[in-house]
Protein chains: 2
Amino acid sequence: MEIIVNIDDPIPLFAQLVAQIKQAIASDSKKPGDPLPSIRQLANDLELNSKTVAKAYRLLERDAVIQTRGYRGTFVHPDAKANCSIDLNAWVNQQLSVSISSFRNAGVTDSEIRIAFANLMNERNK
Amino acid sequence: MEIIVNIDDPIPLFAQLVAQIKQAIASDSKKPGDPLPSIRQLANDLELNSKTVAKAYRLLERDAVIQTRGYRGTFVHPDAKANCSIDLNAWVNQQLSVSISSFRNAGVTDSEIRIAFANLMNERNK
DNA sequence: ATATGTACCCTGTGATGTAATGGTACAACT
DNA sequence: AGTTGTACCATTACATCACAGGGTACATAT
């Protein structure tokens with residue numbers, strides 16, 4: 001698997017990693033059960049901080065695209081190919097889009113929407 | 001109508017204005033049809049920028065609490081008292097809260113929610 | 001002339017959040 | 001001893017936005 005990151009790309013590095021790994025799975029260049037390079041290994045190869053790679057792996061695991069088995073390493077998830085196409089972000093986008101549209105239609109200021117959103121996000125409780 | 005603003009209050013000046021004018025109407029100290037001080041006049045009295053007062057008036061008019069009649073001045077809206085209690089922001093808050101909760105339950109990162117939100121807000125189109 | 005609301009331009013300040021980096025440490029395995 | 005993912009501490013740079021202010025201008029009225 002040839003992973004390359006472009007530091008000049010406006011797309012965040014961790015997002016580039018996520019996209020490329022998903023792409024490798026979608027194109028069958030990585031199959032379920034295949035091992036992935038370790039976080040430190042990949043970080044070293046790409047000259048990235050291990051935290052950046054870890055972030056990408058964390059998101060991929062949440063989406064059930066990869067599986068981490070602790071000290072044994074990280075592997076492509078059995079259902080990886082199917083889960084690759086499930087885009088959680090697209091769902092979020094769609095949901096939020098509906099809400100925002102109705103707010104704007106009701107005459108709510110963008111600024112007000114932003115404030116309300118920021119307040120809710122900062123109330124980590126509940 | 002005695003309006004006072006406190007520059008040291010963390011609540012934005014325009015929001016203080018909105019709150020106090022609504023309060024004046026809710027307590028019948030201002031009745032429908034009553035004239036309000038002009039934007040420039042009030043700004044001068046409170047030593048505020050006219051933009052700040054204009055912003056407060058703009059929001060109040062959107063909520064149908066006051067009515068601006070161009071060169072004739074600004075007046076308390078006929079249905080002001082009823083509309084005073086309608087809180088657009090509370091509705092926004094409630095709607096967003098539901099969405100955000102389900103996102104978080106689905107495992108979506110706060111960071112991802114923020115990104116999606118920011119993208120939508122910056123697409124002023126549609 | 002003077003006043004009304006409103007629409008642009010631009011400025012500065014402070015707050016906030018992202019992205020990415022660094023260091024240190026842990027338990028569990030080879 | 002070395003490696004695995006992971007968890008915490010932290011900092012830096014950068015971008016975005018709210019708020020408030022200042023200026024200028026306009027049509028429409030008195």
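Numbers restart at 1 for each chain; the letters A, B, ... are given by sequence-line order, proteins then strands.
Separating the CD1 atom of A:I115 from the P atom of C:dA15 is a distance of 14 Å, rounded to the nearest angstrom. Distance CD1 (A:I113) to P (D:dC17): 13 Å, rounded to an integer number of Å. The CZ atom of B:F117 sits 16 Å away from the C1' atom of C:dT18 (whole-angstrom rounding). Atoms CG (B:D8) and C1' (D:dC19) sit 15 Å apart, rounded to a whole Å. In this structure, A:L13 places its CG atom 12 Å from P of C:dG22, rounding to the nearest Å. In this structure, A:L59 atom CG and D:dG5 atom P are separated by 15 Å, rounded to whole Å. What separates CG of B:N119 from P of C:dG17 is a distance of 17 Å, to the nearest Å. A:E112 has its CD atom 16 Å from the P atom of D:dC17, to the nearest Å.
For the pair A:A118 and A:I7, nearest-nucleotide mapping onto DNA chain C gives the more 5' position to A:A118.
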- Sequence-aligned protein contact record of nucleotides 2-13 of chain C, with B where the base is within under 4.0 Å of a protein heavy atom and S where only the sugar-phosphate is: --BBBBB-----

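Nearest heavy atoms, B:A80 versus B:V65: CB-O, 3.3 Å. In terms of heavy-atom proximity, A:A106 sits nearest to B:W91 at CB-CZ3, 3.8 Å.
Between A:S99 and B:Q95, the side chains place no donor N or O within less than 3.5 Å of an acceptor N or O (distance only, hydrogens not considered). Judged by distance alone, the side chains of A:D45 and A:Q41 do bring a donor and an acceptor atom under 3.5 Å apart.
Side-chain N/O atoms of A:T52 include one lying less than 4.0 angstrom from OP1 or OP2 on C:dT21. Distances shorter than 4.0 Å separate some side-chain N or O of A:N49 from OP1 or OP2 on C:dG22. For D:dA20, the OP1/OP2 oxygens have no side-chain nitrogen or oxygen of B:K55 closer than 4.0 Å.
For B:D28, the side-chain hydrogen bond (donor to acceptor under 3.5 Å, both in side chains) partners two or more places apart in sequence, or in a different chain, are B:K81. Partners of B:Q94 according to the side-chain hydrogen bond (donor to acceptor under 3.5 Å, both in side chains) rule, which considers only residues two or more places apart in sequence or in another chain, do not exist here.
Between B:E112 and B:R104 no salt bridge is recorded (no basic side-chain N to carboxylate O distance below 4.0 Å).
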